[in-house]
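These numbers come from the heavy atoms of this one structure, side chains and all, not from hydrogens, waters or symmetry mates.
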Amino acid sequence: MSAPSASPPLTSLRELRRIMPLFQRYRGRYIFGVIALVGAVVLRIAVPYILGQTVDVLRQAAADPNGAGVNATELTRLALLGGLSIAAVAFGGAILRTGSRLLVLGNSRRAVRDLRNQIMAHLLKLSPSYYGRNATGNLMSRCVNDVQFVQSLLGPVFMYLAETGTLYVVSLVFMMKISVSLTLLSIIPFPFFLWRARRMATRIQKDSRAAQEALAEVSSKVEESLSGSMVIRSLALEDFDMARFEKRCSSYRDLNIKVSRERAMLGFGMNLLASISTLVVLIFGGPMAANGSISLGDFVAMVFYLHMLAAPTGVLGFVISSLQRGTAALARVGQMLDVKPTLVSAEEPQATSMQAPSIKVTDLTVVLKNEKGEPRKVLDEVGFTVPGGTLLGVVGPTGSGKSVLLGALARQLEVERGKIAYDDIDVHDRGVADIRRDVGYVPQEAFLFSASLADNIALGRPEASRAEVEQAVAASHLAQDLDQLPQGYDTVVGERGLNLSGGQRQRTALARAMLIEPQVLLLDDPFSAVDASTTDDILSDLQPFMKQRTTVLVAHRVATVQAADHILVLDEGRVIESGTHEQLLVANGLYASLHQRQQQREHLREELGDVDLDDFNQEEEG
């Protein structure tokens, strides 16, 4: 994605205002850092002044060593005194310079820690639909790479701008005390080179932003390839996937080479500026020193002043480009922080706790957008009522909106006011955290963290005892698989539960939901990776647990929900049938058709032996 060719000053200032609170938070350290920096610059400028004075004294002594001037002993003493003065001043300047860097750069690390915490806290408040519209790799690039560029604004860029500005002001004051005309002649090339640096920095900003976008694409591709590694290997797509990755890496490489080339040209221009300015001093300052308009010591000091300005001026070009790059990164981070959380609690939420509440859904319509921003209606005027303490089954073909419905009930998706209520209290009038505390949600794709099995189960109740964890494990029929785990409950399950099978991951997620003892249990096909016999056993053992709660169970197998108090049949986001198992069979609609096909496959399974036909069921329903 290309960036504008130039960043308007007002836009840059608006972006930079975002980090003002971070400066304010550590303003004391920043103030002391700037004071130390100014002191270091003043002492640094004092070195050429002392050197110039020493040269004048030595020249006077050399012209008349035995006359009215100083003698050889005095000359040696003055030279030694001058050298010691320069060394003392340089040492003091070094201490102050080191102190300023510790304060300013240390502050940048403290501030960027706060920024990372702010970003993480903000991301945790955003709804799942935001992550559906934005690639994970892109968000990671903003959280890692862009934040690193913002840190340069808070540290090196701030420090070098303050140091260079102070150096210019103090140096020009000392140089004008020597000769105003010579000073003005020597800085004539500066405006042209700074204008040129600004133009080059604009190009660097444009290409840097493009490089950052390319890096986000690389990060997104890596995340995609790692997540889908099993699919890639199973379809022998390694070469194809590698070619796509190399294409993105090549684009990122080319953009970085282009930026490096432009930065090198910028540095070359600044060095050329220093050489031209020194040449001007030599051409015009030499005759002035010869005819006595300025002393030899002043001429030497002037040359040193220009050399002192040359290096910061050369760095200034890089600082400008870093400023532009950091501002671009800050804009990207700001775009993320500007996203308003849509799942927010009421200003004065009702604090009533739920006890197996009733659920009422009225004309619920959900429209989701993909990464391209294209809308798609997933649920269309869905309505139903679930009495408290009962079990509602939901079935339907793949893509009919079952998972989205459970996401809305779990307050994971944005819904309009008046669409979902628990115990006749609208979800907008309850606190989001309160609803999520009372609702146990088991998604179809169980996510586990790289921690022990016990820690994953106790994630919602860290204070739970081992006995309570074991009870939840037994109810989810995961206990029978503990012998397969090397350290039992203490086995680290790996990233995303890689060391567990699909069925074990689902039962772990079920045990995690049961452990928090929710009043509403939302199960999104939690047995899709579990065989039919184990599913029946789990459902049988869950009956006492579910009788004390309101439960919504989504399943692709009709047999899983046939014991439900009421069943909904979804198709293309609409409720097309509802009733009990017996009523839906008599209606001879989609539910009866699904039931008949699945029964035929069960009979086929018995004839063929121990063959898993669940995948065929899902393909048929899709």
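For R549 and F545, the positive end sits near the middle of the six-membered ring, less than 6.0 Å away and at most 45° from its axis.
Counted by atom type alone, S593 and R597 present one or more donor-acceptor pairs between their side chains at under 3.5 Å. Defined by atom type and a distance below 3.5 Å, a donor-acceptor pair is present between the side-chain atoms of Q504 and Q484. A donor-acceptor contact closer than 3.5 angstrom links the side chains of D455 and S452. Between the side chains of N138 and R142, at least one donor N or O sits under 3.5 Å from an acceptor N or O.
Y422 has its side chain out of reach of D438: every pair of non-hydrogen atoms, C-beta onward, lies at least 4.5 Å apart. Side-chain contact between L448 and L500: present, with at least one pair of heavy atoms (C-beta onward) separated by less than 4.5 Å. The shortest side-chain heavy-atom distance between L522 and V439 falls under the 4.5 Å cut-off.
Residues passing the side-chain contact (heavy atoms from CB on, under 4.5 Å) test with Q480, sequence neighbours excluded: H477, R507, T534. Under the ring pair (Phe, Tyr, Trp, His ring centres under 6.0 Å) criterion, Y591 pairs with H581, not counting sequence neighbours. For D241, the salt bridge (Lys or Arg N to Asp or Glu O under 4.0 Å) partners two or more places apart in sequence, or in a different chain, are K221. Remark: K377 pairs with T365, V367, D380 by the side-chain contact (heavy atoms from CB on, under 4.5 Å) rule, at least two apart or across chains. Residues meeting the side-chain contact (heavy atoms from CB on, under 4.5 Å) test with T491, sequence neighbours left out: L485, P486, Q487. Residues satisfying the salt bridge (Lys or Arg N to Asp or Glu O under 4.0 Å) criterion with R25, sequence neighbours excluded, are D114. Every residue two or more places apart in sequence or in another chain was checked for a salt bridge (Lys or Arg N to Asp or Glu O under 4.0 Å) with D565, and none qualifies. Residues meeting the side-chain contact (heavy atoms from CB on, under 4.5 Å) test with V112, sequence neighbours left out: R116, V147, Q151. By the salt bridge (Lys or Arg N to Asp or Glu O under 4.0 Å) test, D146 pairs with R332, sequence neighbours left out.
The side-chain hydrogen bond (donor to acceptor under 3.5 Å, both in side chains) analysis of residues 404-416, with sequence neighbours excluded, yields the pairs S127-E414, S129-E414, T342-E414. Listed by first then second residue, pairs satisfying ring pair (Phe, Tyr, Trp, His ring centres under 6.0 Å) with a partner in residues 483-506 number zero, not counting sequence neighbours. Counting only residues at least two apart or on different chains, the ring pair (Phe, Tyr, Trp, His ring centres under 6.0 Å) pairs with a member in residues 433-454 are F447-F449.
Checked by atom type and distance alone, the side chain of S476 pairs as donor or acceptor with a backbone atom of A472 at under 3.5 Å. Judged purely by atom type and a 3.5 angstrom limit, D423 has no side-chain atom pairing as donor or acceptor with the backbone of I425.
Between Q118 and L337 the shortest heavy-atom distance is NE2-CD1, 3.9 Å.
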